[in-house]
Structures are given as structure tokens and as C-alpha cells.
Amino acid sequence: MWGLLLALATFAPAVGLGLEAPGASVLGLAPPATTEARGSARGSTPAPQSSPVQPPAGKDNGTSEQHVRIRIVKKKKVIMKKRKKLTHPRPMVTARPPVTATPAGAVDLPKEQEPGCPPLGLESLQVSDSQLEASSSQSFGLGPHRGRLNIQSGLEDGDLYDGAWCAEQQDAEPWFQVDARHPTRFSGIITQGRNSIWRYDWVTSYKVQFSNDSRTWWGSRNSSSGMDAVFPANSDPETPVLNLLPEPQVARFIRLLPQTWLQGGASCLRAEILACPVSDPNDLFPKAPALGSSDPLDFQHHNYKAMRKLMKQVNEKCPNITRIYSIGKSHQGLKLYVMEMSDQPGEHELGEPEVRYVAGMHGNEALGRELLLLLMQFLCREFLRGDPRVTRLLTETRVHLLPSMNPDGYETAFRRGSELVGWAEGRWNHQGIDLNHNFADLNTPLWEAEDDGLVPDTVPNHHLPLPTYYTLPNATVAPETRAVIEWMQRIPFVLSANLHGGMNDFSYLHTNCFEITVELSCDKFPHENELPQEWENNKEALLTYLEQVRMGITGVVRDKDTELGIADAVIAVEGINHDVTTAWGGDYWRLLTPGDYVVTASAEGYHPATRNCRVPFEEGPVPCNFHLTKTPKQRLRELLAAGAKVPPDLRRRLERLRGQKN
């Protein structure tokens, strides 16, 4: 649960508190043509013919070095870096347990590869590091704990968090092993190669073995020939490849034995195991903890059509507290639907804060999308049941849920399926734009202005305008991005969370809204059977974060003479270099942690007013209202505009002011 730790951290008085730093686009060498290498147990290793990285002969100390030039594109700067790459000596190969073996034979693959059992949990970390073993590893960073589907490497080669399990080069019979800890029905395997910008390593074929005690093993056999099945694996490092077993096997341990791999490369893989739990008649193993949720919600993945249907069902079930609206369309014309939930849907109530959740910025990150669909079902159900917490939330807050910011990308990912979509497919919109990095950079000009001492006198510390280049007709701005920006400008949001994406700094600097990015899971597109547990993991945090909008001060800035609200009045808190402004009715919200604050309200044509406001530890918000008096100049301007005569007292004050000025 990301919960209170994130929620409380959001209100620190600083600019640009995004929890995710902007990513860099790294361009490496083009992948080489695929050739194969085999382990020495199946014949001597042929001399390498081609390789993406060919190190020179080793030095006396057993290391070799190579200079590799890469091009790093980060924001708008292009940097050429020269890195030194070291290959370190490797320890001895570990011994293998005895296995029963039969001659190898190609596997009879089903015509259509459809996964039956759900994933065991390598990608989602349900399988712990202690359950993974290997015959050998090139380094700790390439150990078996890194052999998880879709795991990503760092920028530096050879760091502690590399992008696969890789056996030693001298390991003639490499293997990668998973301990399920319980009797398990294994039905299939999904593999990838090594994630790296420096090397190209992947396994091209492998065998599979099973054991109940990790000592005696049997293999998966070809149903037609009876020989050990050899499964085709990968032809590139990233595309997941699914192989179903000819016959599912019940065992505790499963072992993958690479047979061939890219020539010049190493035996490296990332994997997920498809497996179903089975009962233990002898009760020899501890029972696995039951995972799930007691909430009667729709736990499945929803494509665009199913998402619309579900949102319509929620609206029909709770018509008095819900409203569905669209903020725009995707590049392919799919609407960006929002579910609004409030006791007065469709209108901004004076003094009621607006909060939002956004998901699906990356189309292949499906968990955030499903969590928001589950949240709207839950809020509707609990409101109808009279739950006091939900009733207060929807009575005092206007909640907006955008489950899919990138519906085009999601449809691409959905067609591939949760286990085969990979790390990148469906990430971008249909134009190939990464929406995560498509919002204007407002940080850099603000930081430069701060360094030059121009903030806040010359350059404001809030509501920074869009850069000129960003507003040009030929600017590379996705329609989904434009729709969200216009949405931000139209509604006075106070608090937001993005599940997941980098628009948090933009939101904070361009509008009043404080936003965080929430990284939900190691598994971008979890299997449907994991959704109930993911809901339980995040439900309390989703509710608690919405409730944080009550922490701080709120009020209305009014004209002292007319009692009308003043729009766009500036609320400044002493000691915090970021101001907020009032909405069109004069109401405002300022998120603050407990403490005593000196708050000033100012507006064009009015004298500023300052007062002390205390935020207690008890749940707020604390009222902090202001009445502003018009300046003589503003009163004169309004009188002249109305065609009225200037009162004598005002005329005398203006004359005195002119005299003082002269």
C-alpha cells in the first residue's frame, strides 16, 4: 500500500515533487543477425562468427576492456559518452544434481498457444528471490533473482540490477530453477532475452525438467516421439515467447535447461512460469496463503468496449452521485471517458474541493486502469449501503476518475494479453508518442528564473504559461495530452495522482493542483487472477489519498463591499515559494501540514489582506476567509466605467495621492 507515506509527503512546500524522474531515451547498436551457440555437453562450442560485442583478448589480470560509444537522448540535449566496459574473471561452475535424460527431440507445439494456468509470479514478485536458483551466474547482478519476465537493467553494464539471469560462459550445462514450494501443475513457460543496451544475449532453445525433491528429475517429453522436448525460445531480447508443455506436469520444482543461444552471446533469459495450484493429499507442505478480496466487484481486464459498458452500469446503478463525460478523443478517435462522483454531479459547489485520479498514460500499464474501474464500483456500492466514510467523501469532495488516458495503446496491449505484451508494446499512443514525456517542461524556465533572482517579482511561482513552441500548430503534442491539459485548466483541481506517468510537475506549475505519480506494481499487466489481491493492496491507499484534500486551509476571498467572490485572487503562504489562486467563485484550497501559517490574499484592484491560520492535527480543513477592499484607483475605474460622478471624498484622496507621487 502506497498510502499515508505518499499522501503525507505530498504536502511538502517545494516545487516539482514528482516521485519519478524523467526518463532518458537510449539508442544503442542495431541488433545483429541471430546465430547460435550450444553447450559443450551437446558438442563442442563453435568459434564465434558474429557478435554484437567482441571484446579483445584478455589482459594478464584476467580482465578485458572495450570502449563503446553510445548516444543518449535526454529531453532536448544530445550527449556523446564514451564508456569503458570490463569483463571480470568468473568463479567456478557449480555442480549439477543428477538427472534422468533421454535423447533430445523437437517438441510438438500446439497450433494456437493459449495460456491455461495463471503465472506463478516471477514478474509480480510473488515468487521470492530465495525460490530461484541457477547452475551458475556471471555476477550477482545477473543472478537467478534477475531472471524475471520484463525485469529491466540499469544504464551501466554490470551493475547490481542487471536485466536477466546469465550463466557463466564456461558453464557447459546451464540451468535456471524455480521452487514453487507446493505441489504445482506446470503448464507453460514464457521467456525473454537479456535487457541491456550493451549486449545482445538470448536463449534460442531449451528443455524443461521437473522434480519433487530437487535431486531426481524427469523431462517434458515429445508426445509423438517420446524424446525430451526441445522448445523454441527467443529471436530477440524483448519479445515474450510462450511455450505450452505437451502435457502439464505436477511437481514442486521446474528447471529450464538452455540448449542453444545467440552465438557470441551468453545463455541469458528472463522467464515466467504458468502454473496452477493443486491439492496436497498428504498435507506435507504448508498451505499457501489465500489471496483475494471479499468485495463483489468485476475483477477482469476491460477493453474499450467493456470499459464503457462497466462505466454505464455504475452510472445506472448510482445515477444521483455519478456522471460520465468525455474530455476529448485519442488519435484513433476513442473517447477519453471520465467518471465524476459527487453528491451534486455536474457542478462545482462553492467550497468543495476537486480531486482526480488518472490511469493508463502508458497503454500497457493496465493495473491502474482496473483499479480505477474497481474504485468507481466500490464507491457506488458503499454509498448505496450507507457507508459513512464513503458518504462523507462524496458529500464533501468532487471526485473525477479517468481510467484510460491512452486507450489506443491499451487496445494494442489487450490484444496481446497480460503475459505476452512485454515491456513496451502498447506503451505509446497510436502516433508513437510517449505521453509520459509529452507535457511541456515548465521546471527548467522556473529554475533558471530562480537562479537569476526573478521569482516571484518578475516570474511567478505558480500558473506558469505554456511555452511558445508548445502552442505552435506543428508542435508534437498528442491529442490525448492536449485534452488532459484543457481538462486541468477547466476544473479547479486541488489534488491528483497519476497511476502512472511524469505530468506531476506540469500539473503543479501550470495549475493549482498538487499531483504525485504512483508506481503500482512490478507487473504492468497482471493476470486477472491477481486483480483481487492488487485491489486489496491498494484500496485503502486510494481512499486515504482522496481524503488528504481535507488537510490544510480553505476559504473564500470576497469583495468587502459586495460580498461577491473574487476570482483569480492569489493565496500566498509565508515561507512557501508556491502560491495558489481562487476559482471563479472566489473559493480556494491550500494543502498544508499541521502548523501555524501567515497567509496573504491579494487580487488586482484590491488591497492585500493578511491573517494567521492554524492547521491542527485533527482532520480539517480549517476555514480561512478573506475580505478585500478595493483600491481608490479601482473604485474610480469602476465608477467611470459606469458613468457615475466621482464622490468628493474619493476625489480628495486621489488628489492627495497624486501630490505624494509628485
Side-chain angles (χ1 to χ4, degrees), residues 6-26 72-79 81 155 356-358 361-362 405-406 427-429 433-472 475-478 480-519 570-573 575-581 590-593:
L6 285 179
L8 293 176
T10 58
F11 308 126
V15 174
L17 294 180
L19 300 185
E20 179 190 80
S25 172
V26 183
I72 299 178
V73 181
K74 191 169 185 180
K75 291 292 182 184
K76 295 189 175 178
K77 298 180 181 178
V78 178
I79 307 169
K81 292 189 177 181
L155 180 63
R356 70 171 182 256
Y357 277 133
V358 178
M361 174 177 276
H362 290 153
M405 181 180 168
N406 181 6
R427 174 187 177 96
W428 301 278
N429 79 339
I433 296 176
D434 187 348
L435 304 182
N436 186 32
H437 301 294
N438 198 225
F439 288 83
D441 175 21
L442 301 182
N443 300 26
T444 302
L446 179 65
W447 293 337
E448 290 176 350
E450 285 181 337
D451 292 340
D452 295 337
L454 302 177
V455 179
D457 296 330
T458 305
V459 177
N461 60 14
H462 62 96
H463 287 80
L464 272 66
L466 295 174
T468 303
Y469 75 86
Y470 199 80
T471 61
L472 297 176
T476 306
V477 183
E480 298 90 343
T481 307
R482 290 193 187 277
V484 170
I485 292 176
E486 292 171 1
W487 185 41
M488 292 178 179
Q489 296 169 339
R490 190 165 59 248
I491 298 177
F493 291 112
V494 180
L495 184 63
S496 173
N498 188 5
L499 320 176
H500 137 92
M503 66 182 184
N504 42 15
D505 291 344
F506 175 87
S507 176
Y508 188 58
L509 296 177
H510 187 61
T511 71
N512 281 343
C513 187
F514 196 104
E515 180 166 320
I516 65 170
T517 291
V518 178
E519 300 283 1
V570 177
I571 305 298
V573 179
I576 298 179
N577 191 24
H578 182 79
D579 303 335
V580 298
T581 59
R590 186 60 173 94
L591 302 176
L592 294 170
T593 54

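The basis for the numbers below is simple: all heavy atoms, side chains too, and nothing from hydrogens, waters or symmetry mates.
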Check [X] against [Y] and note the closest heavy-atom contact, atom names and distance.
| X | Y | result |
| --- | --- | --- |
| Leu472 | Arg482 | O-NH2, 3.9 Å |
| Tyr470 | Ala475 | O-CB, 3.6 Å |
| Met361 | Asn436 | SD-CA, 3.4 Å |

Rounded to the nearest 0.5 Å, what's the gap from [atom1] on [X] to [atom2] on [Y]? Could you check?
| X | Y | atom1 | atom2 | result |
| --- | --- | --- | --- | --- |
| Tyr357 | Leu499 | OH | CG | 7.0 Å |
| Met405 | Asn498 | CE | CG | 7.5 Å |
| Leu592 | Ile576 | CG | CD1 | 5.0 Å |
| Trp428 | His362 | CH2 | NE2 | 8.5 Å |
| Asn406 | Asn429 | CG | CG | 5.5 Å |
| Ile491 | Glu486 | CD1 | CD | 12.0 Å |

Notebook entry, point to check: Which of these passes side chain to side chain contact (heavy atoms under 4.5 Å, CB included) with Asn512: Val580, Val494, Leu495?
Noted result: Val580
Check: Do the two ring centres, one from Phe439 and one from His510, sit under 6.0 Å apart?
Finding: no
Residue pair [X] / [Y], side-chain heavy-atom distance below 4.5 Å:
| X | Y | result |
| --- | --- | --- |
| Cys513 | Arg356 | yes |
| Trp487 | Val358 | yes |
| Pro467 | Leu442 | yes |

Notebook entry, point to check: Distance-only, no hydrogens or angles: does the Asp505 side chain make a donor-acceptor pair with backbone N or O of Asn443 under 3.5 Å?
Noted result: no
Next item on the list: Could you tell me whether a side-chain N or O of Asp579 sits under 3.5 Å from a main-chain N or O of Asn461, the two making a donor and an acceptor?
Entry: no
Check: Is there a side chain to side chain contact (heavy atoms under 4.5 Å, CB included) between Leu446 and Leu464 once you walk through the steps?
Finding: CA-CA 8 Å; Leu446 179 65; Leu464 272 66; 3.8 Å; yes
Check: Going through the distances and angles, do Glu450 and Asn577 end up as a side chain to side chain contact (heavy atoms under 4.5 Å, CB included)?
Finding: CA-CA 10 Å; Glu450 285 181 337; Asn577 191 24; 3.4 Å; yes
